[in-house]
Amino acid sequence: VSKPDIGGGRFGARIRGEWMLEPRIHFLNHGSFGATPRRVLAAAAAWQERAEAQPIRFMTRELPPLLRGAASELAVFVGAQPDNLVFVDNATSGINAVLRSLELKRGDRVVTTTHVYAAVRNALAYVCERAGARLVEVEIPFPVENLTDPLEALDRALRPGARLAVLDHVTSATALVLPIDEMVDLCRDHGVPVLVDGAHAPGMLDLNLEQLGADWYTGNAHKWMFAAKGCAFLWASPERWQTLKPLTISHVTEGIGAFDWPGTRDFSNWLSVTEALAFYEELGEDDVRTHNRELVIWAGKMLAEAWHTTLPCPESMIGSMISLESPLDMPPTKEAADQLHDRLWDEFRVEVPVYSFGGRTWIRISAQVYNQKYQYQVLAEALKP
Ligand SMILES: Cc1ncc(COP(=O)(O)O)c(C=O)c1O
């Protein structure tokens, strides 16, 4: 990292022991499932013990205010009003709750982009097919040089007949930070309700959800915010709560209360968000984001040079991940991508996702505070042409 004092010298090898990651592996995929620090796991275990000490008292008396308290802390972190935010298990559930709450009609048009996450594409295809609506994917070329053409294409797709837009804040395989403010503004100009898939955004980007002006926003706390797995949120603007329903209808049938009691479950992963936030804030919010962005840009440029390629997007579209084209001559199939993934792990102990997108193969690197520069050099050498 260019400024060695980011994080006051606490990051890299010095902080790695906070995680349970195996020694001597090069874990360059924080993006897929995050990696939960030991102390957050310990906090979740402590919540489980407290619940089991007197299960009735915990579930009926203690839990409701505890849950709202944890949701409020999370809300402050993402720039949201606490009453507009609920916990969900993951971004996939948040997206499905919104989609299943809408009544699409025959002939409606639902707009997304060609970078939409595959599971979200499936959910969209399902609700569209059921209603006789049409799913339109606006093309964003990749590599991308500028967004003038894609934004114009989005503008055209939002013409009358568009009933919903589903837009990524950070794309998955291609790791692009999209200009979400501009895209949401376009949707508002056309009066098209917009759901933002911010699966990767919390902890990677500075968020102000009330200001963004979307209708719904879902994000994971278990990726870049260090929460335990199964901890995510769904935010909705005040006027959307009346019709927004959780995937499971339970005792409470309306508003945020409907999400706060999805039936009996282990609430420890949601409650441990408090510890995740404390950890994140102790590391320093700005330090974490700046460190990760600078490290991934350094690594991206180093890999691009080693592999005779270029960064796939302007630096303004980079958060804590970059997808670089594989330097190998290989068919752009999922099978070949999976084989390369397995080879990097088996031979080099490099854990990094390999994707096939747009007829080419991409290797997506993540940067987190426990990573070190030499780990990306191991990857560079492993595939050096
Ligand atoms: C853009 C996007 N949406 C949704 C998801 C799904 O997240 P989860 O598995 O936590 O539901 C991901 C996961 O990587 C993603 O990248």
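Start at 1 and go down the list; that is how both ligands and their atoms are numbered.
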With rounding to the nearest 0.5 Å, note down the distance linking CG in L147 to OG in S316.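 One finds 8.0 Å between CG of L147 and OG of S316.
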Has [X] got a side-chain atom pairing as donor or acceptor with [Y]'s backbone, closer than 3.5 angstrom?
| X | Y | value |
| --- | --- | --- |
| S366 | M321 | no |
| R188 | V194 | no |
| S356 | P332 | yes |

[X] neighbourhood, listing ligand 1 atoms whose heavy-atom distance to it stays under 4.0 Å:
| X | result |
| --- | --- |
| H200 | 14 (O), 16 (O) |
| K223 | 13 (C), 14 (O) |
| S172 | 16 (O) |
| H222 | 10 (O) |
| A199 | 2 (C), 3 (N), 4 (C), 5 (C), 12 (C), 15 (C) |

Give me the atom names and distance for the closest heavy-atom approach of G12 to Q372.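 Scanning both residues completely, I find the closest heavy atoms to be CA-CG, 4.0 Å.
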Check whether any N or O atom of A91, backbone or side chain, sits under 3.5 Å from an N or O atom of ligand 1, and answer yes or no.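 N/O-N/O distance below 3.5 Å exists for this pair.
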For H26, run the ring pair (Phe, Tyr, Trp, His ring centres under 6.0 Å) check against Y374, F348, Y376 and tell me which one passes.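 It is Y374; the other options fail the test.
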With a cutoff of 4.0 Å, is H169 in contact with ligand 1, counting heavy atoms of the residue only?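 In this structure, H169 fails to qualify as a contact of ligand 1 - no heavy atom is under 4.0 Å.
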Side chain to side chain contact (heavy atoms under 4.5 Å, CB included) between H30 and M204: does it pass, once the steps are laid out? CA-CA 11 Å; H30 192 86; M204 182 193 291; over 6 Å; no
Heavy-atom nearest neighbour of atom 7 (O) of ligand 1 within options N90, V170, N220: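 Result: the heavy atom closest to atom 7 (O) of ligand 1 is in N220.
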To check your reading of the model: name the closest protein heavy atom to atom 9 (O) of ligand 1, its residue, and the distance in Å.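 The protein heavy atom lying closest is T92 OG1, 3.8 Å.
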In terms of residue, atom name and distance, what is the protein heavy atom nearest to atom 1 (C) of ligand 1?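 For atom 1 (C) of ligand 1, the nearest protein heavy atom comes out as D197 OD2, 3.4 Å.
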